[in-house]
Amino acid sequence: MMGIFAIVTTEILPIGLLTSIGSSFTISDGTAGLMMTMPGYLAAVSAPAVTVATARIDRRLMLCALMFLLALANFIASAAPAYWAMLVSRILVGIVIGGFWSIGAGLADRLVPAHSTRRATAVIFSAVPLGSVLGVPLGTLIGNVEGWRGGFVALGLLSVAVLIALAVLVHGCPLSRSPGSPCYAAWSATSTPGSRCR
C-alpha cells in the first residue's frame, strides 16, 4: 500500500508544482506537461514487459528494485540541473508505475490467509485515493514551502523507507508455483484449504 501511495504521489505531484518547475527551467507550462504524459505512456509499455521479463524472479526482490528506481527518480528530479534530467526522472517513474502495479497489485493472496485476501486487496488499492487526496497536497505544500525540489526529496525519502520495509517485512516468493521453485515447495507442503505461499 505504501509503495503504491509513493508511486501515485510521485506520478501526480508535478501537477501542483508545474508552474514552479517550468519557471525554474525557463520552459512553457505545455512543455513542462510532458512530465505528466511521459510516465503514463511508459507505464503502458513497461507493465507487460516487466512482468514477462521478470517472471522467474522473486517478487520481493522485484518490488525492492522498483522502489529503488522510484527513490532514484525522485532524487534525480530534486537535483535536476536541466529539464532533460527531469525527463529522465519521469522515464524511470513510468517504468516503476507499470512494473510495480503489475507485480504488487496481485500479491495480496500470497501475503495473507485466504479469508483476508479481499481486505488486503482493499488496503492495497486504498493507496490510490490516498495518494491523490493526501499525498499530492502534502507534496505540493512541501514544494511551496521548501521549493519544488523539496517535494521530490520528501518522496525520495519515503521511497527509501518503503524499500527498507519491503526488504524486512515481506517474505520472498517467486511468481511461479512451478515444481522445484521455493514457492511451490512451501505451498505444496502446506496445501490445506485456504493456505497461501508466505
(request) Spell out, as yes or no, whether a donor-acceptor pair under 3.5 Å connects the side chain of Arg90 to the backbone of Met38. (result) no
(message) Test your reading of the model: is there a side-chain donor-acceptor pair from Ser89 to the backbone of Ala85, 3.5 Å cut-off?
(response) no
(message) Under a 3.5 Å threshold, yes or no: a donor from one side chain and an acceptor from the other, between Ser23 and Ser20?
(response) no
(request) Evaluate side chain to side chain contact (heavy atoms under 4.5 Å, CB included) for Met1 paired with Phe125, printing each intermediate quantity in order. (result) CA-CA 7 Å; Met1 184 197 76; Phe125 282 92; over 6 Å; no
(request) Measure across Ala167 and Arg60 and return the closest heavy-atom pair with its distance rounded to 0.1 Å. (result) O-NH1, 3.4 Å
(request) Can you measure from CD1 (Ile21) to CD1 (Ile15) and round to the nearest 0.5 angstrom? (result) 11.0 Å
(request) Evaluate the side-chain proximity of Trp101 to Val128: yes if any heavy-atom separation is below 4.5 Å, no if none is. (result) yes
(request) Go through the structure and list residues passing ring pair (Phe, Tyr, Trp, His ring centres under 6.0 Å) with Phe25, not counting sequence neighbours. (result) Trp148
(message) Test your reading of the model: is there a side-chain donor-acceptor pair from Arg118 to the backbone of Ser116, 3.5 Å cut-off?
(response) no
(request) Could you point out which residue of Asn74, Leu69, Ile97 forms a side-chain contact (heavy atoms from CB on, under 4.5 Å) with Leu92? (result) Leu69
(message) If you define the side chain from C-beta out and look only at heavy atoms, does anything of Glu11 sit under 4.5 Å from Val96?
(response) no
(message) Within the 4.5 Å heavy-atom criterion, are Ile57 and Arg59 side-chain neighbours or not?
(response) yes
(message) Would you say Ile164 ends up clustered with Leu157 if hydrophobic residues are merged whenever their side chains have heavy atoms under 4.5 Å apart, either directly or through other cluster members?
(response) yes
(message) Let me check something: do Val136 and Val153 share a hydrophobic cluster, defined by ILVMFWY side-chain heavy atoms less than 4.5 Å apart, either directly or through other members?
(response) no
(message) With a 3.5 Å distance limit and no angle check, can you tell me whether Thr9 reaches the backbone of Ala6 through a side-chain donor-acceptor pair?
(response) no
(message) Rounded to the nearest 0.5 Å, what separates atom NE2 in His115 from atom OG1 in Thr117?
(response) 8.5 Å
(request) Decide yes or no for Leu87 and Leu34: does some side-chain heavy atom of the first lie under 4.5 Å from some side-chain heavy atom of the second? (result) yes
(message) Given 3.5 Å as the limit, does a donor-acceptor pair link the side chain of Arg149 with the main chain of Ala80, or not?
(response) yes
(request) Write down the atom of Thr51, the atom of Ala47, and the distance for their closest heavy-atom approach. (result) OG1-O, 2.7 Å
(message) Contact between Tyr41 and Thr37 at the side-chain level, heavy atoms closer than 4.5 Å - yes or no?
(response) yes
(request) Over all heavy atoms of both residues, which pair between Leu13 and Thr140 is shortest? Give the atoms and the distance, please. (result) CD1-N, 3.5 Å
(request) Flag yes if Ile142 and Ile7 sit in one hydrophobic cluster, no otherwise; membership is Ile, Leu, Val, Met, Phe, Trp, Tyr, and two members link when side-chain heavy atoms are under 4.5 Å apart. (result) no
(request) Would you confirm whether Thr10, through its side chain, and Leu155, through its main-chain N or O, come within 3.5 Å as a donor-acceptor pair? (result) no
(message) Side-chain heavy atoms nearer than 4.5 Å, only ILVMFWY residues, links allowed to pass through others: does that put Val160 and Leu138 together?
(response) no
(message) Are Ser46 and Phe100 packed together at the side-chain level, in the sense that at least one heavy-atom pair is separated by less than 4.5 angstrom?
(response) no
(message) For a quick test of reading the model, state the closest non-hydrogen atom pair linking Ser132 to Ile12 and the distance between them.
(response) OG-CD1, 3.8 Å
(request) Give the minimum heavy-atom separation between Phe5 and Gly135, together with the two atoms involved. (result) CZ-CA, 3.6 Å
(message) Determine whether a donor-acceptor pair (N or O, by modelled atom type, separation under 3.5 Å) exists between the side chain of Thr31 and the backbone of Ile27.
(response) no
(message) Between Ser126 (side chain only) and Val123 (backbone N and O only), is there a donor and an acceptor less than 3.5 Å apart?
(response) yes
(message) Set out, in order, the CA-CA distance, both residues' side-chain angles and the distance that settles side chain to side chain contact (heavy atoms under 4.5 Å, CB included) for Val93 and Met35, then state yes or no.
(response) CA-CA 10 Å; Val93 170; Met35 291 185 294; over 6 Å; no
(request) Determine, using the 4.5 Å side-chain heavy-atom cutoff (strictly less than), whether Val88 and Leu42 are members of one ILVMFWY cluster. (result) no
(message) Show the nearest heavy-atom pair for residues Gly156 and Phe75, with the distance to one decimal.
(response) C-CZ, 3.5 Å
(request) First locate atom CD of Glu146, then atom CZ of Phe152, and finally report the distance between them rounded to the nearest 0.5 Å. (result) 15.0 Å
